[in-house]
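What follows is a short report on a single structure.
Values in this document were obtained by computation on a predicted structure and should not be read as measured data. Quick note on labels: first sequence line is chain A, next is B, and so on, each numbered from 1. Any value given below was found using the heavy atoms of this structure, including those in side chains, with hydrogens, waters and symmetry copies removed.
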2 protein chains.
Amino acid sequence: MTTAPTARTLPHPEREALRLEAVLHALADPVRLRVVRELAVSEEKLPCSSFDLPVTKSTTTHHFRVLRESGVIRQTYRGTAKVSELRRTDLEAVFPGLLDSVLHSAARQERRLGSG
Amino acid sequence: MTTAPTARTLPHPEREALRLEAVLHALADPVRLRVVRELAVSEEKLPCSSFDLPVTKSTTTHHFRVLRESGVIRQTYRGTAKVSELRRTDLEAVFPGLLDSVLHSAARQERRLGSG
DNA sequence: CTGCTCGTACGATATTCCTCGTAGTACGGT
DNA sequence: ACCGTACTACGAGGAATATCGTACGAGCAG
């Protein structure tokens, strides 16, 4: 009864508070990089459950939290689901070209190593 | 007597074996990012001792090893010193634009946060 | 040969991180 | 009210990492 129901909010770092080391660390994990790549090709916000990851739900929650706290993604509630989207504009403003080069490098590497 | 003295070599990953996750992880550490930035502005190969890092020599050795094994730098012996240089060409060939955007983002962040 | 400098190797420690299982909350449908 | 789905919180285990100190090796200057 403090404020309103369905008003659950999640802490996100401000654009100006984004740290390069945290973003690089977030992107350095294979599972998280995979999530980011899927979000990049999707024009819609995706719920966590739409990802087919080789880890349990607990671990999935952990990885999404790392991505959110580092500022790579933004998460909002939609009913019982929590949908995620890339913070493209914020990232581009603070670290111009970084996300695109990572995404491009990841795609290149997948082609090179054979969809591993 | 196997080959020659002063022929100590160090293992470096081939260009085609570079892994994006390993490179991102290597760059995600503040100390290592600092080393990479210094190497980037220097046109000469720098010995480990030319860096003024807030860690001991043992730890410095560790960080340089991580950078070398991830393929970010190349290390060669010169007398008693071991000099390092960025593998710019290799990185650009495999992960185009990545190093530059990281370096640019790091410089930007330093300006933004006040030379932290 | 004797130091001196540069860097390494090894062991130890503390911390972080990835992973999981279980239990629990929030929301929507019946 | 009841159940199912989506996600979380907590605790725990195990691996990786960052850090250090000490002891050591390789080369250079006397």
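Evaluation of atom-type donor-acceptor distances gives no pair under 3.5 Å for the side chain of B:K82 against the base of C:dG7. In terms of polar N and O atoms assigned as donor or acceptor, the side chain of B:T61 never comes within less than 3.5 Å of the base of C:dG7 in a complementary pairing. For C:dG7, the base has no donor-acceptor partner in the side chain of B:T80 [N/O atoms by modelled type, under 3.5 angstrom].
In this structure, the CD atom of A:E69 is 13 Å from the C1' atom of D:dA9, given to the nearest Å. D:dA16 atom P lies 14 Å from atom NE2 of A:H25, rounded to whole Å. Taking atom CG of B:D29 as the reference point, atom P of C:dC17 lies 11 Å away to the nearest angstrom. One interatomic measurement links the two molecules: CG of B:L67 to P of C:dT8, which rounds to 12 Å at whole-angstrom precision. Summarising the geometry, the separation between CD on A:E21 and P on C:dC17 is reported as 13 Å, rounded to the nearest angstrom. Distance A:Y77 OH to D:dC7 C1': 8 Å, rounded to the nearest Å. Atom NZ of B:K57 and atom P of D:dA23 are 14 Å apart (whole Å). Rounded to whole angstrom, the span from the CG atom of B:L46 across to the P atom of C:dG7 amounts to 11 Å.
No donor-acceptor pair closer than 3.5 Å links the side chain of A:H63 to the backbone N or O of A:T61.
Between B:D90 and B:R74, at least one side-chain nitrogen of the basic residue sits less than 4.0 Å from a carboxylate oxygen of the acidic one, meeting the salt-bridge criterion.
Proximity note for A:A81 (side chain, C-beta onward) versus C:dA9, C:dC17, D:dA6: the nearest is D:dA6. Taking the side chain of A:T56 as heavy atoms from C-beta on, and the options D:dT19, C:dC20, D:dG21, the nearest nucleotide is C:dC20. Of all nucleotides listed (C:dA9, D:dA9, C:dG7), C:dA9 comes nearest to the side chain of B:S58. Side-chain atoms of A:H63 lie closest to C:dT19 of the nucleotides C:dC17, C:dT19, C:dC20.
Among the protein residues, A:S49 comes within range of the sugar-phosphate backbone only, with heavy atoms under 4.0 Å from sugar or phosphate atoms but none that close to a base. Among the protein residues, A:H62 comes within range of the nucleic acid bases, having at least one heavy atom under 4.0 Å from a base atom. B:R32 comes within 4.0 angstrom of sugar-phosphate atoms only, judged by non-hydrogen atoms across all strands, and of no base.
Looking at every heavy atom in both residues, A:L18 comes nearest to B:Q109 through O-OE1, 3.6 Å. In this structure, A:F95 and B:R112 approach most closely via the heavy-atom pair CE2-NH2, 3.9 Å.
Taking only side-chain nitrogens and oxygens, A:R65 comes nearer than 4.0 Å to OP1 or OP2 of D:dA9. One finds no side-chain N or O of B:R78 lying less than 4.0 angstrom from the OP1 or OP2 phosphate oxygen of D:dG27.
At a threshold of 4.5 Å between non-hydrogen side-chain atoms, the residues B:H62 and B:T56 do not count as touching.
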